[in-house]
Amino acid sequence: MVQVTFKDNPIHLLGSEVKVGDQAPSFTVLANDLNPVTLEDSKGKVRLISVVPSVDTGVCSIQTKRFNDEAAALGDDVEVMTISCDLPFAQGRWKENEKVENLHLYSDHRDLSFGTAFGTAIEELRLLTRSIFVVDRDDKVTYVEYVSEATDHPDYDAAIKAVKELN
């Protein structure tokens, strides 16, 4: 299992670690209008899934805005999404205030469906640990990064390169 810390303290992740070559597990998250969204809703596209503890914090905000900026150049065949446990209404306000328009922001607050399916749910905090997944058009995982210290930045360039290799 992946070893991750949060502010240098070890944390326990719920669910199973996802690895390159795995079929992406199914999940259900909520859009900002409370409608359910599944992986299948974006089938046929390359998916960049950016996972953050809370968009309302510094690194998470930077990460989400960075992928929003990158999404504009990736084209219509790529679906960029950020998933956190923030409430859908809070995500919607943040997205509007920050003028984030090129990616989807989804909430896993209700039942940690994504977090347990992808092994990112932090047991002690009921948040998701910082991670990046790239899923191809056939739902195969082609890139994975579980950031070892949840308050650190991911490798943005490696994630974008993984998406471009599929496009």
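- In this structure, the side chains of F67 and I160 come closer than 4.5 Å at one or more pairs of heavy atoms.
- Residues I49 and I83 have side chains in contact (heavy-atom distance under 4.5 Å, counting atoms from C-beta outward).
- Legend: ring pair (Phe, Tyr, Trp, His ring centres under 6.0 Å) pairs involving residues 41-62, not counting sequence neighbours: none detected.
- In this structure, H104 and S42 have side chains that are not in contact, with every pair of non-hydrogen atoms separated by 4.5 Å or more.
- For E17, the salt bridge (Lys or Arg N to Asp or Glu O under 4.0 Å) criterion is met by no residue, not counting sequence neighbours.
- For the pair F27 and Y106, the minimum side-chain heavy-atom distance is 4.5 Å or more.
- Annotation: side chain of L34 is in contact with side chain of F89 (closest heavy-atom distance under 4.5 Å).
- No side-chain heavy atom of V147 sits under 4.5 Å from any side-chain heavy atom of H153.
- Between the side chains of Q91 and N32, a donor-acceptor pair is found at a separation under 3.5 Å.
- The side-chain heavy atoms of W94 and V100, taken from C-beta on, include a pair separated by under 4.5 Å.
- Using a distance-only test at 3.5 Å, with no hydrogens or angles considered, no donor-acceptor pair links the side chain of Q3 to the main chain of S148.
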Item to check | Worked check of side chain to side chain contact (heavy atoms under 4.5 Å, CB included) between R130 and V4 | outcome: CA-CA 9 Å; R130 189 174 320 284; V4 177; over 6 Å; no
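- Between R66 and D157 there is a salt bridge, with a side-chain nitrogen of the basic residue lying less than 4.0 Å from a carboxylate oxygen of the acidic one.
- For residues 90-105, every residue pair satisfying the salt bridge (charged side-chain N to carboxylate O under 4.0 Å, His left out) rule, not counting sequence neighbours, is listed here: K65-E98.
- Applying the salt bridge (charged side-chain N to carboxylate O under 4.0 Å, His left out) definition to pairs two or more places apart or across chains, none involves residues 107-125.
- Residues satisfying the salt bridge (Lys or Arg N to Asp or Glu O under 4.0 Å) criterion with K43, sequence neighbours excluded, are D139.
- With sequence neighbours excluded, no residue satisfies salt bridge (Lys or Arg N to Asp or Glu O under 4.0 Å) with D136.
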